[in-house]
Amino acid sequence: MKTFFVTGGAGFIGSAFVRLLLEEYDDCRIVNYDALTYAGNPDNLAGLNPDRHRFVCADITDPEAVLANLDENTDVIVNFAAESHVDRSINSAAEFLQTNIAGTQVLLDAARARGVKRFVQISTDEVMGSLPEDDDKFFTEASPFAPNSPYAASKAAAEHLVRAAHHTFGLDTVVTRCGNNYGPRQFPEKFLPLALANAMKDDSIPIYGDGRNVRDWIYVEDHCRAILAALEKGRAGAVYNIGARNERRNIEVAEALLDALGKPRSLIKFVKDRLGHDRRYAIDPSLAETELGWRPRETWATGLEKTINWYRENGPWIEKVRNLAYRDYYKAQYGTEVTVD
Ligand code: NAD
Ligand code: DAU
């Protein structure tokens, strides 16, 4: 039996990971520990077996609550909990420092106190900064840290704390650094689901700057399978870059979505650029492929089709998350209203 303590498991990637764990291990037990911030959504956990999955609404920055819910026999902590949106970190960094940095240290201390066997930190390619456009350079595990946004800087700091816990105390840690995820249940502040939700209502798709920024896209379940492989087979203290070799310019992503929905490309609207906007992310996943034996299962075409179908079939999910707080955020960020039912 494997006992997992998953933080941030009511968010986009965490909930996909919890679902995958329950599918892949017949005998696992999961404590899903999540503070349910604006990005956490209990609907993402609908239908999960309560005998094997226990949800706890609490904060990773609260050491007593973490210790109270972390059993001695826990095999693995997987830390997804984070403030995850770059634009929000540009607007206000405080919560990012609290959750992403202080919260990670609380979990590392608790892992040592409880003798947890392995600590998996879900990091991001953004800790390595931005690559030149139209170049053949890629991020590798040896790329230097060069975070450019408050979000990226907070995730880089968290990685340093994980490294220090391994080096100083011998905690068994593994770090994964992935690129841009897409798939079901992604909160529509992120570009792809925002574009999809807007286009479905014939609202315009806001594209920052010239739209030529490049992101390396991966289907969420492929990322989760890579985490599972790292958790099972990763070397203690190692870092693994995760990517599907799928670089796309933002404008291409918007066009692909509009074409698939049968909507006009005139819905694309260029807006003011993001401050400090990273130009290109591109990941070399060779180490994960060779050491972990991991490969993505979805192509861009199949992943996009699954994603679009999910959003088409889950209108009530979208409408519920585009609540008053979301609409206020949207108005403040973009200066326009979104159409809701
Ligand atoms: P998300 O914003 O959808 O979910 C974050 C979850 O963490 C939410 O359920 C939220 O309630 C919870 N949370 C936030 N603060 C918390 C706190 N203080 N205590 C407990 N729970 C808290 O994020 P996501 O896109 O699913 O990302 C998950 C992780 O993966 C993050 O660590 C992020 O940095 C990393 N990551 C994301 C991507 C991506 O493309 N989305 C890519 C690489 C890495
Ligand atoms: O690379 C991994 C990272 O990917 C994760 O660590 C982050 O948690 C995740 O949010 C994501 O960061 P990005 O900043 O790349 O994602 P976002 O969806 O915010 O933006 C993707 C690209 O689209 C980026 O170049 C900015 C652009 N964009 C974004 C929004 C929200 C737009 O052009 N318009 C928009 O409205």
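Ligands are counted one by one from 1 in listed order, and the atoms in each one are counted from 1 as well. Predicted, not measured: the structure shown is a model, and the values here were computed from it. One-based numbering along the sequence shown.
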Distance filter under 4.0 Å to [X] heavy atoms, resulting ligand 2 atoms:
X	result
Val86	14 (O)
Glu189	31 (C)
Pro206	32 (C), 33 (O), 34 (N), 35 (C), 36 (O)
Ile207	33 (O)
His85	19 (O)
Tyr151	5 (C), 6 (O), 7 (C), 8 (O)
Asp125	1 (O), 2 (C)
Tyr281	1 (O), 15 (O)

Notebook entry, point to check: Does NZ or CZ of Arg185 lie under 6.0 Å from the centre of the six-membered ring of Phe12, at an angle within 45° of the ring axis?
Noted result: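 Output no; distance or angle outside limits.
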Next item on the list: Test the Arg54-Tyr33 pair against the cation-pi criterion, namely NZ or CZ under 6.0 angstrom from the six-membered ring centroid and within 45° of the ring axis.
Entry: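 No - Arg54 does not lie over the ring of Tyr33 by the 6.0 Å and 45° rule.
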Determine whether any heavy atom of [X] lies closer than 4.0 Å to an atom of ligand 1.
X	value
Phe187	no
Ala58	yes
Gly103	no
Ser123	yes

With only distance considered, is [X] within less than 3.5 Å of ligand 1 through an N or O on each side?
X	answer
Phe12	yes
Tyr33	no
Thr61	no
Cys178	no
Asp34	yes
Asn180	no

Quick one: which of [options] has a heavy atom closest to [atom]?
atom	options	result
atom 8 (O) of ligand 2	Ser84, Gly11, Gly179, Cys178	Ser84
atom 10 (O) of ligand 2	Glu83, Met128, Lys190	Lys190
atom 25 (O) of ligand 2	His277, Arg88, Arg280	His277
atom 19 (N) of ligand 1	Thr104, Ile60, Leu36	Ile60

Identify, for [atom], the protein heavy atom at the shortest distance, and state residue, atom and that distance.
atom	result
atom 1 (P) of ligand 1	Ser84 OG, 3.6 Å
atom 38 (C) of ligand 1	Ile13 CD1, 3.6 Å
atom 5 (C) of ligand 1	Ala82 O, 3.5 Å
atom 16 (C) of ligand 1	Thr99 CG2, 3.9 Å
atom 35 (C) of ligand 1	Ile122 CG2, 4.0 Å
atom 10 (C) of ligand 1	Thr37 OG1, 3.3 Å
atom 40 (O) of ligand 1	Asn181 N, 2.9 Å
atom 4 (O) of ligand 1	Gly11 CA, 3.5 Å

Check whether the side chains of [X] and [Y] place a donor and an acceptor atom closer than 3.5 Å, and report yes or no.
X	Y	value
Glu126	Tyr151	no
Asn198	Tyr334	no
Asp222	Trp294	no
Ser84	Lys190	yes

Margin query: Against Asp341, only a single residue in Arg322, Lys201, Lys320 fulfils salt bridge (charged side-chain N to carboxylate O under 4.0 Å, His left out); can you say which?
Written below: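 Between Asp341 and the candidates, salt bridge (charged side-chain N to carboxylate O under 4.0 Å, His left out) is satisfied uniquely by Lys201.
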Does [X], at its [atom1] atom, have more than 12 non-hydrogen atoms belonging to other residues, nucleotides or ligands within less than 6.0 Å?
X	atom1	result
Arg297	CZ	no
Arg114	CZ	yes
His160	NE2	yes

Classify the contact between [X] and ligand 1 as side chain, backbone, both or neither, using a heavy-atom distance cut-off of under 4.0 Å.
X	result
Asp59	both
Arg177	neither
Tyr151	side chain
Thr7	neither

Atoms of ligand 1 less than 4.0 Å from [X] heavy atoms?
X	answer
Phe80	28 (C), 29 (C), 31 (C), 32 (O)
Lys155	31 (C), 32 (O), 33 (C), 34 (O)
Gly179	40 (O), 42 (C), 43 (C)

Note to self: Can you tell me which portion of Leu192 lies within the under-4.0 Å heavy-atom range of ligand 2? Options are side chain, backbone, both, or neither.
What the structure shows: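 No part of Leu192 is near ligand 2 at this cut-off.
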Flag the pair [X] and [Y] as a salt bridge only when some basic side-chain nitrogen lies within less than 4.0 angstrom of an acidic carboxylate oxygen.
X	Y	value
Asp172	Lys117	no
Arg88	Glu83	no
Asp134	Arg280	no
Arg265	Glu255	yes
Arg225	Glu24	yes

Note to self: Is the ring pair His277/Tyr208 parallel, tilted or perpendicular, if the boundaries are 30 and 60 degrees?
What the structure shows: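 Taking Tyr208 first and then His277, their aromatic rings stand perpendicular (interplane angle over 60°).
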Next item on the list: Please say which of Leu20, Asp26, Val18 ends up in a side chain to side chain contact (heavy atoms under 4.5 Å, CB included) with Leu22.
Entry: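 That would be Val18; it is the only one of Leu20, Asp26, Val18 passing the side chain to side chain contact (heavy atoms under 4.5 Å, CB included) with Leu22.
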Item checked: Closest heavy-atom pair and its distance - Cys178, Ile218 ->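 Closest pair (atom of Cys178, atom of Ile218, distance): SG-CG2, 3.6 Å.
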Margin query: On a heavy-atom basis, which atom in Pro193 and which in Tyr311 lie closest, and how many Å separate them?
Written below: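 Reported closest heavy-atom pair: CB-OH, 3.5 Å.
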Check: Between OH of Tyr38 and CD of Glu95, what distance do you get to the nearest 0.5 Å?
Finding: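 The CD atom of Glu95 is 9.0 Å from OH of Tyr38, to the nearest 0.5 Å.
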Notebook entry, point to check: Does the side-chain contact (heavy atoms from CB on, under 4.5 Å) test come out yes or no for Arg215 and Asn250, once each step is laid out?
Noted result: CA-CA 7 Å; Arg215 294 295 182 264; Asn250 295 336; 4.0 Å; yes
